[in-house]
**Student:** 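Quick one: the structure is below, questions incoming.
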Amino acid sequence: MRGIPGVTRIPRPLLGALVGVTALLTAGALATPASAAPRSDTSSTVSAVSAAAQQQARDFWTSERMREATPLDLVSVNGHFDGGSAPRKGAATTVAPSAPAAAVGKAVSDIGLLAFPNTGGQWSGGGAVVSTAGRVFFSYQGRTASCSGNAVTSANKSTVITAGHCVKLEGAWHTNWVFVPGYHDGQAPYGRWTASKTLSTPQWTASEDINYDVGAAVVAPLDGKLLTDVVGGQGLAFNTGYNLRMYSFGFPAAAPYDGEKFIYCSGTTNRDFLLSNDHGMNCNMTGGASGGPWFTQFNESTGTGLLSSVNSFKYNFLPNRMYGPYFGADAQNLYQTAQTS
């Protein structure tokens, strides 16, 4: 990946000459929150998808097209770092993971604990995450592309969390948007779930502020079933602070990866000390991993945790360190809007 040169209005001029930002774009039983999010006049922005467009997306994404989805060009992220954009805080809130209606996913093997920290390796632990996580496919500027995403516990049993730039970029909502949980080898073992709505935070939709690079989709029923009844849903955590043990997952598709392997990183994160208010983790994932989940309280034995961020961006001079947005009040509002849609 090369860096993106168009970062402007940086309030720290000495750093401005040194820093470029690379968005991680691609090649390619119900538990409800204990309390509603602190809703405000900055509600998330929503794009509705017609039934005809949903069918078009489902038909469009053949196995061949999924395999051939290529990395997008890197994009300019102007004006993300002009100060005053620290995520709004609220009360710490967690949502428990939810099990599918029937057992799914790869059985947990007796392999013992995996390496911690880990800067990037294929996930071999099995558990719920292999069915809740998946690839996101969409059309962007006439090209086929992919990100990563994850199904979460939600009132509508149909909510996927991803990155903001995986639903909207450069002023345009992506089209032909589908979520493929458990993706492997061009296959969709749990089906292709088409978005009936895509959503992001108001700060991302208005100005693509990297501190709010969070997106969501509400997916339509498939064969009369709802998403988390089929694959389960991970929990979530909002306003739970920094400097946490986290696990990150995704389907990186840019070299040296090809989008066919489910990759994870793990480590103790810290707050970005440069130009954002994001979490940082040492991780070598590349484009295509965008939108993949970051978990706190992750249990390697069960593959469950609390989704607390998503893969978002890297600085071009720190290619092996990845950043993800802090899940504060606005990310919580986005989740509330999505799960009640």
**Student:** Is it true that atom CD of Glu64 has more than 12 heavy atoms of other residues, nucleotides or ligands lying nearer than 6.0 Å?
**Tutor:**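 Check fails, neighbour count at 12 or below.
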
**Student:** Any luck finding a side-chain donor-acceptor pair between Glu170 and Tyr140 under 3.5 Å?
**Tutor:**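 Judged by distance alone, the side chains do pair up.
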
**Student:** Would you say Ser308 and Thr296 are linked by a side-chain donor-acceptor pair, where the criterion is simply a distance under 3.5 Å?
**Tutor:**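 Side chains of Thr296 and Ser308: pair found under 3.5 Å.
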
**Student:** Is the Trp123-Phe298 ring centre distance short of 6.0 angstrom?
**Tutor:**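 Yes; Phe298 has its ring centre under 6.0 Å from that of Trp123.
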
**Student:** Are Val95 and Tyr326 grouped together when hydrophobic residues (ILVMFWY) are joined by side-chain heavy atoms under 4.5 angstrom apart?
**Tutor:**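 No, because Val95 and Tyr326 fall into different hydrophobic clusters, even though each may have its own neighbours under 4.5 Å.
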
**Student:** When the aromatic ring centroids of Tyr242 and His279 are compared, is their separation below 6.0 Å?
**Tutor:**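 Tyr242 vs His279: aromatic centres under 6.0 Å.
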
**Student:** Think Lys225 forms a cation-pi with Tyr190, using NZ or CZ under 6.0 Å from the six-ring centre and within 45 degrees of its axis?
**Tutor:**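 Here Lys225 fails the 6.0 Å and 45° test against Tyr190.
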
**Student:** Residues two or more places apart in sequence or in another chain: which of them pass ring pair (Phe, Tyr, Trp, His ring centres under 6.0 Å) with Phe238?
**Tutor:**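 Once residues adjacent in sequence are excluded, the partners of Phe238 under the ring pair (Phe, Tyr, Trp, His ring centres under 6.0 Å) criterion are Phe327, Tyr335.
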
**Student:** Within this structure, what is the OG1-CG distance for the pair Thr302 and Asn299, rounded to the nearest 0.5 Å?
**Tutor:**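 Going from OG1 on Thr302 over to CG on Asn299, the span is 3.5 Å.
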
**Student:** So does Gln234 get a backbone contact from the side chain of Thr132, meaning a donor-acceptor N/O pair under 3.5 Å?
**Tutor:**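 Judged by distance alone, no pair lies under 3.5 Å.
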
**Student:** Kindly work out whether a path of hydrophobic side-chain contacts (I/L/V/M/F/W/Y, heavy atoms less than 4.5 Å apart) joins Ile263 to Met322.
**Tutor:**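 Cluster IDs for Ile263 and Met322 match.
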
**Student:** Could you tell me whether the side chain of Asn284 reaches within less than 4.5 Å of the side chain of Tyr257, counting heavy atoms only?
**Tutor:**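 With C-beta onward as the side chain, the pair touches.
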
**Student:** Taking all non-hydrogen atoms of both residues into account, name the closest pair between Met281 and Trp294 and its distance.
**Tutor:**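 Minimum heavy-atom contact is CB-CH2, 3.8 Å.
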
**Student:** How close do Pro181 and Leu227 get, heavy atom to heavy atom, and via which atoms?
**Tutor:**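 Closest approach of Pro181 to Leu227: CG-CD1, 4.4 Å.
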
**Student:** Hydrophobic clusters here meaning ILVMFWY residues chained together by side-chain heavy-atom distances under 4.5 Å, can you tell me if Val178 and Tyr183 are in one?
**Tutor:**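 Yes, same cluster.
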
**Student:** Is it true that the side chains of Asp330 and Thr201 contain a donor and an acceptor less than 3.5 Å apart?
**Tutor:**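 Per modelled atom types, Asp330 and Thr201 side chains form no pair under 3.5 Å.
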
**Student:** Would you mind reporting whether Val152 and Val160 have side-chain heavy atoms less than 4.5 Å apart?
**Tutor:**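 Answer no - side chains too far apart.
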
**Student:** Rounded to the nearest 0.5 Å, how far apart are SG of Cys147 and NE2 of His174?
**Tutor:**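 The NE2 atom of His174 is 6.5 Å from SG of Cys147, to the nearest 0.5 Å.
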
**Student:** Spell out, as yes or no, whether a donor-acceptor pair under 3.5 Å connects the side chain of Ser131 to the backbone of Gly232.
**Tutor:**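 Not at all, since once roles are kept as given, no pair shorter than 3.5 Å links the two residues.
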
**Student:** Kindly say whether Gly186 contributes a backbone atom to a donor-acceptor pair with the side chain of Ser63 at under 3.5 angstrom?
**Tutor:**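 Here the side-chain-to-backbone pair exists.
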
**Student:** Shortest non-hydrogen contact from Met285 to Lys314?
**Tutor:**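 Closest heavy-atom pair between Met285 and Lys314: O-NZ, 2.6 Å.
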
**Student:** Find out if a path of hydrophobic residues (ILVMFWY) with successive side-chain heavy-atom gaps under 4.5 Å connects Leu226 to Leu222.
**Tutor:**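 No.
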
**Student:** Work out which heavy atom in His165 is nearest to a heavy atom in Leu169; give both atom names and the distance.
**Tutor:**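 For His165 and Leu169, the tightest heavy-atom pair comes out as CB-CD1, 3.9 Å.
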
**Student:** Lys197 side chain to Ser47 main-chain N or O, any donor-acceptor pair under 3.5 Å?
**Tutor:**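 Such a contact is absent between Lys197 side chain and Ser47 backbone.
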
**Student:** Hydrogens and angles aside, do Asn277 and Tyr323 bring a side-chain donor and acceptor to less than 3.5 Å of each other?
**Tutor:**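 Checked: Asn277/Tyr323 side chains show no N/O donor-acceptor pair below 3.5 Å.
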
**Student:** Side chains of Ser154 and Asn156: is there a donor and an acceptor less than 3.5 Å apart?
**Tutor:**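 Yes.
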
**Student:** Ignoring hydrogens and geometry, is there a side-chain-to-backbone donor-acceptor pair from Gln54 to Val49 under 3.5 Å?
**Tutor:**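 Side chain of Gln54 to backbone of Val49, a donor-acceptor pair under 3.5 Å: yes, one is there.
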
**Student:** I'd like to know if the side chain of Thr119 reaches the main chain of Asn282, judged simply by a donor and an acceptor atom lying under 3.5 Å from each other, with no hydrogens or angles considered.
**Tutor:**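 No; judged by distance alone, with no hydrogens or angles, the pair does not exist.
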
**Student:** Is there a donor-acceptor contact under 3.5 Å from the side chain of Ser309 to the main chain of Pro325?
**Tutor:**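 Looks like yes, one N/O pair under 3.5 Å.
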
**Student:** Is it true that atom NZ of Lys168 has more than 12 heavy atoms of other residues, nucleotides or ligands lying nearer than 6.0 Å?
**Tutor:**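 Counting other residues, nucleotides and ligands, NZ of Lys168 exceeds 12 neighbours.
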
**Student:** Kindly work out whether a path of hydrophobic side-chain contacts (I/L/V/M/F/W/Y, heavy atoms less than 4.5 Å apart) joins Leu306 to Val310.
**Tutor:**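 Leu306 does not cluster with Val310.
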
**Student:** Give a yes or no on whether the backbone of Lys89 and the side-chain of Asn239 come within a donor-acceptor separation of less than 3.5 Å.
**Tutor:**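 The answer is no, because no donor-acceptor pair under 3.5 Å joins these two groups.
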
**Student:** Is there a donor-acceptor contact under 3.5 Å from the side chain of Arg58 to the main chain of Trp193?
**Tutor:**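 Checked: no pair found.
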
**Student:** Nearest 0.5 angstrom please: Gln56 CD to Thr194 OG1, how far?
**Tutor:**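 The OG1 atom of Thr194 is 11.0 Å from CD of Gln56, to the nearest 0.5 Å.
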
**Student:** Check the side chains of Gln203 and Asn211 for a donor-acceptor pair under 3.5 angstrom, ignoring hydrogens and angles.
**Tutor:**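 Side chains of Asn211 and Gln203: no pair found under 3.5 Å.
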
**Student:** Let me confirm one number: the CD-CD distance from Gln122 to Glu260, rounded to the nearest 0.5 Å.
**Tutor:**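 Here the rounded value is 11.0 Å.
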
**Student:** Taking the six-membered ring of Phe179, is NZ or CZ of Arg192 closer than 6.0 Å to its centre and within 45° of its axis?
**Tutor:**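 Verdict for Phe179: no cation-pi partner in Arg192.
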
**Student:** Look at the side chain of Gln297 and the backbone N and O of Leu307, then say whether any donor-acceptor pair between them is shorter than 3.5 Å.
**Tutor:**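 Absent.
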
**Student:** Taking all non-hydrogen atoms of both residues, which atom of Pro100 and which atom of Val230 are closest, and how far apart?
**Tutor:**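 Minimum heavy-atom separation between Pro100 and Val230: CB-O, 3.5 Å.
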
**Student:** Could you pull out the closest heavy-atom pair between Arg135 and Gly259, with the gap in Å?
**Tutor:**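 Looking at all heavy atoms of both residues, the shortest contact is NH1-O, 3.1 Å.
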
**Student:** If you define the side chain from C-beta out and look only at heavy atoms, does anything of Tyr315 sit under 4.5 Å from Ser276?
**Tutor:**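 Yes, their side chains come closer than 4.5 Å.
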
**Student:** Sequence neighbours excluded and cut-off under 3.5 Å, please list the side-chain donor-acceptor pairs for residues 243-254, or say none.
**Tutor:**
| from | atom 1 | to | atom 2 | distance (Å) |
| --- | --- | --- | --- | --- |
| Tyr247 | OH | Glu300 | OE2 | 2.8 |
| Ser248 | OG | Asn311 | OD1 | 2.7 |

**Student:** Is any side-chain heavy atom of Leu236 closer than 4.5 Å to a side-chain heavy atom of Thr94?
**Tutor:**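 Counting from C-beta outward, Leu236 and Thr94 never come under 4.5 Å.
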
**Student:** For Thr144 and Arg65, test the side chains for any donor-to-acceptor distance below 3.5 angstrom and give the result as yes or no.
**Tutor:**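 Side chains of Thr144 and Arg65: no pair found under 3.5 Å.
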
**Student:** Using side-chain heavy atoms (C-beta onward) and a distance below 4.5 Å, is Trp204 in contact with Pro202?
**Tutor:**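 Result no, sub-4.5 Å side-chain heavy-atom pair not found.
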
**Student:** Taking the six-membered ring for Trp, are Trp61 and Phe137 ring centroids under 6.0 Å apart?
**Tutor:**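 For Trp61 and Phe137, the ring centres are under 6.0 Å apart.
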
**Student:** Under a 4.5 Å cut-off applied to non-hydrogen side-chain atoms, are Val136 and Ser148 in contact?
**Tutor:**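 No - every pair of side-chain heavy atoms lies 4.5 Å or more apart.
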
